[in-house]
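Here the structure is a predicted model, which is why all the values come from computation and not from measurement. What's counted below: heavy atoms across the whole structure, side chains too, no hydrogens, waters or symmetry copies.
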Amino acid sequence: MSGDAYSERTFIMVKPDGVQRGLVGKIIKRFEEKGFKLVAMKFMWASEELLSKHYADLSSRPFFPGLVKYMASAPVVPMVWEGLDVVKTGRFILGATDPKNSNPGTIRGDLCVQVGRNIIHGSDAVESANKEIALWFSEKEVVSWSRSSDSWLYGEN
C-alpha cells in the first residue's frame, strides 16, 4: 500500500486523561470501525523534553508549561493510523478541540467536557502528521502490512 492514495498516515495520541479513564480501546475501535489501519502504537511515559518538541508551536502561549506538565503526568498512547484522507477524517472523528463545540458522535463530543482534558491529540495536516510520526516513532516501529479487507474498503486498483 505504500505510496498510493490510501497510504496517508496520521498521528493520534490518547492523552493522560483518556488513558486514566480507560478510553484507549474505545478510541482504537472508532478508527478501526471507520476502516483505518493501525500501523504503530506505544504505551509510554512521555518526557517533558519530547513533549516540548511535540508542542513547540505552542511554546510562547501562557498555558504551555501547564500543558507539558499535564501531558507528562501519566502514560500516553501514541499511534499511527493509515488510510484514505486519514488526517482530515481523523480530525473529524476527534471533534473540535474544545469539547463544547464538538458534535455528538465525535470522540470529544461524546466523551469530553472541557478543553483542558480533551483526551486525544490528532495531527492537523499531512505535514504535521509526518513530523509528529517521525518525532514519536522510528522507521522500524511503523509497520507496513496489507489487510484482506482493503479491497473491500477501496475497491480494486
Side-chain angles (χ1 to χ4, degrees), residues 7-59 61 63-145 147 149 153:
S7 63
E8 181 177 290
R9 291 178 173 167
T10 194
F11 178 80
I12 300 292
M13 179 171 47
V14 182
K15 295 179 179 181
D17 57 313
V19 171
Q20 292 289 329
R21 292 179 55 203
L23 299 175
V24 174
K26 284 186 178 196
I27 290 166
I28 290 170
K29 183 178 180 180
R30 297 249 184 142
F31 280 83
E32 285 182 329
E33 286 180 336
K34 184 66 176 175
F36 294 128
K37 181 169 64 174
L38 183 63
V39 295
M41 181 170 74
K42 298 179 188 181
F43 181 77
M44 64 183 285
W45 284 90
S47 69
E48 289 192 9
E49 180 183 354
L50 176 59
L51 292 163
S52 292
K53 289 177 185 174
H54 178 84
Y55 289 111
D57 60 320
L58 302 175
S59 62
R61 306 290 289 271
F63 60 81
F64 179 76
L67 173 63
V68 170
K69 183 179 178 187
Y70 153 68
M71 289 296 296
S73 68
V76 295
V77 180
M79 298 176 275
V80 181
W81 289 90
E82 185 176 88
L84 180 65
D85 297 321
V86 70
V87 173
K88 183 177 180 181
T89 306
R91 294 284 289 188
F92 184 79
I93 291 169
L94 268 58
T97 302
D98 188 338
K100 75 175 180 282
N101 299 324
S102 292
N103 292 324
T106 64
I107 291 170
R108 291 177 178 144
D110 291 349
L111 304 172
C112 300
V113 294
Q114 62 119 346
V115 71
R117 298 292 184 266
N118 66 4
I119 73 171
I120 194 162
H121 165 85
S123 299
D124 60 3
V126 172
E127 299 76 27
S128 58
N130 292 336
K131 181 181 169 189
E132 291 170 346
I133 291 166
L135 182 63
W136 289 83
F137 292 93
S138 71
E139 282 188 39
K140 291 180 184 180
E141 293 175 306
V142 180
V143 179
S144 292
W145 63 287
R147 286 186 306 199
S149 62
L153 285 165

Exercise for the section: Output, in order, the C-alpha distance, side-chain angles, deciding distance and verdict of salt bridge (Lys or Arg N to Asp or Glu O under 4.0 Å) for Lys15 and Asp17. Expected result: CA-CA 6 Å; Lys15 295 179 179 181; Asp17 57 313; over 6 Å; no
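- Residues Met79 and Val14 come closest through the heavy atom pair CE-CG2, 3.8 Å.
- The minimum heavy-atom distance between Ser128 and Ser123, with the atom names listed, is OG-CB, 4.1 Å.
- The line from OG1 of Thr10 to CG of Leu94 is 8.5 Å long, rounded to the nearest 0.5 Å.
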Exercise for the section: In sequence, state the C-alpha distance, the side-chain angles, and the governing distance for Ile120 and Leu23, and then conclude on side chain to side chain contact (heavy atoms under 4.5 Å, CB included). Expected result: CA-CA 10 Å; Ile120 194 162; Leu23 299 175; over 6 Å; no
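- Because its NZ or CZ atom is not both nearer than 6.0 Å to the ring centre of Tyr55 and within 45° of the ring axis, Arg61 does not count as a cation-pi partner of that residue.
- Counting heavy atoms from C-beta outward, Asp110 and Lys26 have side chains that stay 4.5 Å or more apart.
- Nearest heavy atom pair, residue Pro75 against residue Trp45, reads CD-CZ2, 3.7 Å.
- More than 12 heavy-atom neighbours from other residues, nucleotides or ligands sit within 6.0 angstrom of CD on Gln114.
- Ring geometry for His54 against Phe11 counts as tilted: the plane angle lies between 30° and 60°, on a 0 to 90° scale.
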Exercise for the section: Kindly indicate, with the supporting measurements, whether the criterion side chain to side chain contact (heavy atoms under 4.5 Å, CB included) is fulfilled by Thr89 and Phe36. Expected result: CA-CA 10 Å; Thr89 306; Phe36 294 128; 3.7 Å; yes
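- Between Ala46 and Trp136, the shortest heavy-atom distance links the atoms CB-CH2, 3.6 Å.
- In this structure, CD on Glu48 lies 9.0 Å from NZ on Lys69, to the nearest 0.5 angstrom.
- Counted within 6.0 Å of NZ on Lys42, heavy atoms from surrounding residues, nucleotides or ligands total more than 12; the atom is thus considered enclosed.
- Taking each heavy atom of Tyr70 and Pro16 in turn, the nearest pair found is O-CG, 3.5 Å.
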Exercise for the section: Could you go through the side chain to side chain contact (heavy atoms under 4.5 Å, CB included) check for His121 and Glu132 one step at a time? Expected result: CA-CA 11 Å; His121 165 85; Glu132 291 170 346; 3.1 Å; yes
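- One finds the CZ atom of Arg117 at 10.5 Å from the CD atom of Gln20 (value rounded to the nearest 0.5 Å).
- By the 6.0 Å contact criterion, CZ on Phe92 is open, its count of non-hydrogen atoms from other residues, nucleotides or ligands being 12 or less.
- Less than 6.0 angstrom separates the ring centroid of Phe31 from the ring centroid of Trp81.
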Handout entry: Check against salt bridge (Lys or Arg N to Asp or Glu O under 4.0 Å), Lys131 and Glu127
Key = CA-CA 6 Å; Lys131 181 181 169 189; Glu127 299 76 27; over 6 Å; no
Exercise for the section: Take Val115 and Phe63 through the side chain to side chain contact (heavy atoms under 4.5 Å, CB included) test and state the conclusion after the steps. Expected result: CA-CA 12 Å; Val115 71; Phe63 60 81; over 6 Å; no
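- Listed for the Arg91 side chain is a donor-acceptor partner under 3.5 Å among the backbone atoms of Gly122.
- Met44 is listed as a side-chain neighbour of Val76, based on a closest heavy-atom distance under 4.5 Å.
- Val19 is listed as a side-chain neighbour of Phe43, based on a closest heavy-atom distance under 4.5 Å.
- Considering CD of Glu32 and OG of Ser149, their distance stands at 10.0 Å, rounded to 0.5 Å.
- Here Leu38 contributes atom CG and Trp145 contributes atom CH2; the two are 7.5 Å apart, rounded to the nearest 0.5 Å.
- Rounded to the nearest 0.5 Å, atoms CD1 (Ile93) and CZ (Arg30) are 9.0 Å apart.
- The salt bridge (Lys or Arg N to Asp or Glu O under 4.0 Å) with Glu82 is formed by just one residue from the set Lys34, Lys37, Arg147; it is Lys37.
- Nearest heavy-atom pair across Val87 and Arg9 is CG2-O, 3.5 Å.
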